[in-house]
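Notes follow the structure.
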There are 2 protein chains.
Amino acid sequence: MVNSQLGTEEKILEAAKKVFHRKGYEGARMQEIADEAGINKALLHYYFRSKEKLFEAVFEDALSGIMRLVSTIFFSDKPLKDKIQSFLCSYLNIITENSYIPWFIINGIYERPEQIKAIFDKQDINPLQLMKLLKSQVRKEYGVDINPFQIWLNVLSLSVFPVIAKPLVREIFRLSEETYNQLMEERKELVPELIINALKAYEKGEN
Amino acid sequence: MVNSQLGTEEKILEAAKKVFHRKGYEGARMQEIADEAGINKALLHYYFRSKEKLFEAVFEDALSGIMRLVSTIFFSDKPLKDKIQSFLCSYLNIITENSYIPWFIINGIYERPEQIKAIFDKQDINPLQLMKLLKSQVRKEYGVDINPFQIWLNVLSLSVFPVIAKPLVREIFRLSEETYNQLMEERKELVPELIINALKAYEKGEN
DNA sequence: GTCTATATTGTGATAGAC
DNA sequence: GTCTATCACAATATAGAC
């Protein structure tokens, strides 16, 4: 049950986030969202018309959140290593309270590719700008020319995958919640070093 | 429509793979599987009794495939870098024809945690054995003591995430299928180097 | 705006003929 | 073993009272 201080629309949105984040579009049930919000199904349709529209609102919220985080950090003027570390820390802290979001976003494009593509088209942040910046920053700080998409894939992979695969990895190796969180904590140092080391190695190889 | 040379049970299983891999449990429809197999719904139940059981067969197949690949490569006696590279190459080649499998497996534990845990319990390969081997191999080859889980997380992250996130990344940056595949091809060299560089850097730092 | 009741369709599963 | 027909129920969505 969601905080009853909120207006009805907000209550619905908060409930919908909880359910969609956890179950995805196909797995989510309007009834469950209504229960979670402490209202009945009819009101969901009164405010959002359809499951599809409600999902859209939830997805847009999650997407804009992560995009805002990325652009705030990576369009700043800190050294690259600091950016990567800030991103990782902020990301992991957000995820602590909302660990289903990364899966939810990736899952979205598998479940509803057309709808999600339309949502992306509405975003105003230009991701190619970020790649340009990344490329020039690497050239300036490390004196090497590297495909920025590869660096970005590395950053995302090392940051996001361990969060998404957490339930699976925990099950495979029988790791406690605590043990796994400890691993993630260590990665806040380890991942930036890994990526920067690679750039430095490249730097030496080039000269 | 699946190859009509196969027996009915095999036809069903192949059709079920196609549909479940692509849509997951919740998104899949028994009707669609029947159509894909060129038979009717009743036969699905005749052979597999329920959607749950059919899903179980498909999931076990996918899981045992990837586990067999991992253990074949990592329990061999090649140098670590060769193992990582072999894994990445084999993995990416398999994925080329079956690009939904990584998502399907991770998604499974979000959609059906209890069922998937039971399937894991039936697997006979011991993953902790692999971590022990990894740890001792790193100590022998690089003279450093590192938490093998971190190394393994890095290998998996850098190999698997770019496959899972492919539809999303392609959409965000408007990359063609061809361009993205080219990126992946480059990673067959890039990723092993990245991981090995990190170990070498650690080696120097320790001495 | 919010509720109850209901329409409508989708979907897993089974019965029973052949 | 395979099919058609159908059940039983779940799920989205709407009608209409208050």
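Keep in mind the model is a prediction, meaning the values are calculated, not measured. Naming convention: chains lettered A, B, ... in sequence-line order (proteins, then strands); numbering from 1 in each chain.
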Boundaries of the DNA chain C segment in contact with chain A, non-hydrogen, under 4.0 Å: dG1(C) to dT4(C)

Polar atom pairs (N or O), protein with nucleotides 5-11 of chain D, under 3.5 Å:
unit_1: dA11(D); atom_1: OP1; unit_2: Arg29(A); atom_2: NE; d: 2.5

Rounding to an integer number of Å, can you tell me how far Leu44(A) CG sits from dA15(D) C1'? 17 Å

Applying side chain to side chain contact (heavy atoms under 4.5 Å, CB included), name anything that partners Lys135(B), two or more places apart in sequence or on another chain. Arg139(B), Asp145(B), Pro148(B)

If a pair satisfies salt bridge (Lys or Arg N to Asp or Glu O under 4.0 Å) and one of its residues is in residues 93-117 of chain B, list it, with sequence neighbours excluded. Glu52(B)-Arg112(B)

With His45(A), which residues qualify under ring-ring contact (aromatic ring centres under 6.0 Å, His included), at least two apart? none

Which whole-number value in Å describes the distance from Leu54(A) CG to dA13(D) C1'? 13 Å

For the residue pair Asn154(A) and Arg187(B), what are the closest heavy atoms and their distance? OD1-NH2, 2.8 Å

Just wondering, are more than 12 heavy atoms of other shown residues or ligands nearer than 6.0 Å to CD in Glu177(B)? yes

Show me, pair by pair, the donor-acceptor contacts under 3.5 angstrom made by side chains of residues 57-70 of chain A, not counting sequence neighbours?
unit_1: Asp61(A); atom_1: OD2; unit_2: Lys17(A); atom_2: NZ; d: 3.4
unit_1: Ser64(A); atom_1: OG; unit_2: Glu60(A); atom_2: O; d: 3.2
unit_1: Ser64(A); atom_1: OG; unit_2: Asp61(A); atom_2: O; d: 3.2

Base, sugar-phosphate, or nothing for Tyr47(A), non-hydrogen atoms under 4.0 angstrom? sugar-phosphate

Exercise: do Gln31(B) and Asp35(B) side chains pair donor with acceptor under 3.5 Å: yes

Does Asp77(B) have more than 12 heavy atoms from other residues, nucleotides or ligands lying within 6.0 Å of its CG? no

For atom CD1 of Ile33(A) and atom C1' of dT12(D), their distance in whole Å: 12 Å

Is the phosphate of dT14(D), meaning OP1 or OP2, less than 4.0 Å from a side-chain N or O of His45(A)? no

